[in-house]
Amino acid sequence: MTISLKQMRYAVAVAKAGHFGRAAEASAVSQPALSQQILALEQICGAALFDRHKNGVRTTPFGGEFLALAQEAIKSAEAVDAFAQAQQGLPRRAVRFGLIPTVAPYLLPEIFPALTRGLPELRFTVSESRTEALLAGLEDGSLDIALIATEPTSQGPRLCVAPLFDDPFVLAMPRSEATSGPVSLGELAPDRILLLDEGHCFRDQTIAACRLDGERSARTFAATSLSTIVEFVANGQGVTLLPRIALRKEASDPRIAVHMLDENAPGRRLRLVWREATPFASTFNQIADVIRGTRPAALTEAVIAEHRQ
């Protein structure tokens with residue numbers, strides 16, 4: 001029997017998810033079908049790829065070596081497919097687009113209608129994950145493009161980086177504590193600054209902007225989403241930085257006041273990134289151009305004025 005690309009892709013998905021059910025969901029297949037393919041693959045190999053545990057799976061030593069080779073085979077197969085598709089100038093499959101969680105819910109409703117109008121010949125599948133996972137997706141070929149808010153590291157494949165626009169930060173605080181005029185971050189009590197949990201680049205940017213050392217940042221409340229943090233702010237339990245693109249969604253609660261920061265206001269630059277070794281660079285640059293041309297409403301002064309104290 002011959003090992004198929006489908007089986008290798010399923011095995012990579014299981015290793016990435018650490019769980020058969022989550023891998024099946026990510027692969028858009030039923031769990032029994034995925035499990036059957038993995039069992040058939042292990043029979044062909046004559047060895048187990050995964051150790052099954054109550055709460056998930058881990059790769060065996062053999063499985064780790066197999067998956068390293070399988071990922072290379074998948075990349076090669078996708079490169080051949082992409083080369084063939086490139087003869088027509090556009091990908092025939094959907095563009096796999098990943099975004100970080102502090103961008104996706106605020107930007108997608110604005111950029112997707114623009115992408116549909118501007119590039120009607122393209123289809124997209126969208127996923128949301130943290131920066132590290134998105135860069136890993138570009139590396140293993142499960143993503144085509146990613147929208148991130150940090151400069152990608154030099155590790156992994158060479159990437160093309162298309163700057164989109166700057167997204168300044170503002171301060172959200174309980175309306176009962178609001179003052180007049182811009183606020184200096186140096187005036188904030190470190191133990192009242194609410195943060196996202198570990199792994200979010202916006203957490204790291206907030207820690208750097210507020211100059212929180214490791215001990216103080218470890219003591220602050222950590223949430224899984226900006227929406228959770230904003231609810232705590234509304235209840236008078238602290239303050240937080242917000243990216244401007246999040247204002248319309250996260251700062252509509254009348255219990256919250258939004259303040260501009262002083263002249264040293266921090267911010268982030270949003271970027272679209274993709275592998276340098278792609279035949280679709282011109283298409284991805286077009287996507288970046290469309291996103292740049294869709295100036296998010298939350299970045300306009302009118303929306304800032306709506307929420308300013």
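We're numbering straight along the sequence, starting at 1. Just so it is clear, the values below take in all heavy atoms, side chains as well, and ignore hydrogens, waters and symmetry mates.
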Quiz item: Judged by atom type as modelled, is there a donor-acceptor pair below 3.5 Å linking the side chain of Arg244 to the main-chain atoms of Pro168?
Solution: no

Quiz item: Taking everything shown except Gln36 itself, do over 12 heavy atoms lie less than 6.0 Å from its CD?
Solution: no

Exercise. Look up atom SG in Cys201 and atom CZ in Arg268, then write down how far apart they are to the nearest 0.5 Å.
Key: 6.5 Å

Quiz item: Counting distance only, does the side-chain N/O of Glu250 pair as donor-acceptor with the main-chain N or O of Leu247 below 3.5 Å?
Solution: no

Practice problem: Check whether any side-chain heavy atom of Asp51 lies under 4.5 Å from a side-chain heavy atom of His53, and answer yes or no. | Solution: yes

Exercise. Give a yes or no on whether the backbone of Arg269 and the side-chain of Arg271 come within a donor-acceptor separation of less than 3.5 Å.
Key: yes

Exercise. Specify the closest pair of heavy atoms between Ala23 and Ala17, including all atoms of both residues, with the distance to one decimal.
Key: N-CB, 3.8 Å

Quiz item: Given Val95 and Trp274, is the side-chain contact (heavy atoms from CB on, under 4.5 Å) satisfied, shown in steps?
Solution: CA-CA 11 Å; Val95 175; Trp274 59 85; over 6 Å; no

Quiz item: Which heavy-atom pair separates Arg275 from Glu139 by the least distance, and what is that distance?
Solution: NH1-O, 2.7 Å

Quiz item: Atom CG in Leu34, atom CZ in Arg9: separation rounded to 0.5 Å?
Solution: 13.5 Å

Exercise. Supply the atom-to-atom distance Phe66 CZ to Glu42 CD, rounded to the nearest 0.5 angstrom.
Key: 9.5 Å

Quiz item: Are Leu226 and Thr102 close enough, and set up right, to give a side-chain contact (heavy atoms from CB on, under 4.5 Å), and what steps lead you there?
Solution: CA-CA 7 Å; Leu226 288 178; Thr102 57; 4.1 Å; yes

Quiz prompt | Shared hydrophobic cluster for Tyr10 and Leu5 (ILVMFWY, side-chain gaps under 4.5 Å) | solution = yes

Practice problem: For the residue pair Ile145 and Ile287, establish whether any side-chain heavy-atom pair is separated by less than 4.5 Å. | Solution: yes

Quiz item: At their closest point, which heavy atom of Arg292 faces which heavy atom of Ala162, and how far apart are they?
Solution: NH2-CB, 3.6 Å

Quiz item: Do you know which two heavy atoms are closest between Ala223 and Ile229, and how far apart they sit?
Solution: CB-CG1, 3.5 Å

Exercise. Could you tell me whether Phe202 and Phe169 have their ring centroids closer than 6.0 angstrom?
Key: yes

Quiz item: How many angstroms lie between CG in Leu135 and CG in Leu159, if you round to the nearest 0.5 Å?
Solution: 6.5 Å

Exercise. Go through Ile193 and Thr240 one step at a time and tell me if the side-chain contact (heavy atoms from CB on, under 4.5 Å) criterion holds.
Key: CA-CA 5 Å; Ile193 300 172; Thr240 194; 5.7 Å; no

Practice problem: Identify whether Phe62 and Leu39 are in the same connected component of the hydrophobic contact network (ILVMFWY, side-chain heavy atoms under 4.5 Å). | Solution: no

Quiz item: Mind checking whether Val290 and Ile111 have side chains closer than 4.5 Å, heavy atoms only?
Solution: no

Self-check item: Test item: Thr278 side-chain N/O and Phe280 main-chain N/O as donor-acceptor pair under 3.5 Å
Solution: yes

Quiz item: Are Met8 and Ile74 side-chain neighbours, meaning at least one heavy-atom pair lies under 4.5 Å?
Solution: yes

Quiz item: Does Leu185 reach the side chain of Leu241, with side-chain heavy atoms less than 4.5 Å apart?
Solution: yes

Quiz item: Does the pair Leu261 and Val170 meet the rule for a side-chain contact (heavy atoms from CB on, under 4.5 Å), with working shown?
Solution: CA-CA 6 Å; Leu261 299 172; Val170 295; 5.7 Å; no

Quiz prompt | Over 12 non-hydrogen atoms of neighbours within 6.0 angstrom of CD in Glu65 | solution = no

Quiz item: Is the shortest heavy-atom distance from the side chain of Asp197 to the side chain of Leu195 under 4.5 Å?
Solution: no

Quiz prompt | Between Lys249 and Ser227, a side-chain donor and acceptor under 3.5 Å | solution = no

Quiz item: Got Phe284 and Cys160 here, is their nearest side-chain heavy-atom distance under 4.5 Å?
Solution: no

Quiz item: Can you tell me if CD on Glu25 sees more than 12 non-hydrogen neighbours from other groups inside 6.0 Å?
Solution: no

Practice problem: Using the rule that two of Ile, Leu, Val, Met, Phe, Trp, Tyr join whenever any of their side-chain heavy atoms come within less than 4.5 Å, decide whether Leu272 and Phe165 are in one cluster. | Solution: yes

Self-check item: Any donor-acceptor pair under 3.5 Å from Asp253 side chain to Arg255 backbone
Solution: yes

Self-check item: CD1-OG1 distance between Ile148 and Thr131, expressed to the nearest 0.5 angstrom
Solution: 6.0 Å

Self-check item: Approximate separation, where rounding is to 0.5 Å, of Ile291 CD1 and Phe112 CZ
Solution: 9.0 Å

Quiz item: Between Lys75 and Glu72, is there a salt bridge with N-O shorter than 4.0 Å?
Solution: yes

Quiz item: Does Arg96 pair with Asp144 as a salt bridge, N-O distance under 4.0 Å?
Solution: yes

Quiz item: Can you name the one residue among Leu270, Asp167, Ile100 that meets side chain to side chain contact (heavy atoms under 4.5 Å, CB included) with Leu107?
Solution: Leu270

Exercise. Looking only at non-hydrogen atoms, find the nearest pair between Gln237 and Arg192 and report the distance.
Key: C-NH2, 3.6 Å

Quiz prompt | Non-hydrogen side-chain atoms of Gln71 and Val12 separated by less than 4.5 Å | solution = yes

Quiz item: What are the two closest non-hydrogen atoms of Gln205 and Ala149, and how far apart are they?
Solution: NE2-O, 3.0 Å

Quiz item: Under 3.5 Å, side chain of Thr60 to main-chain N/O of Ala48, donor-acceptor pair present?
Solution: yes

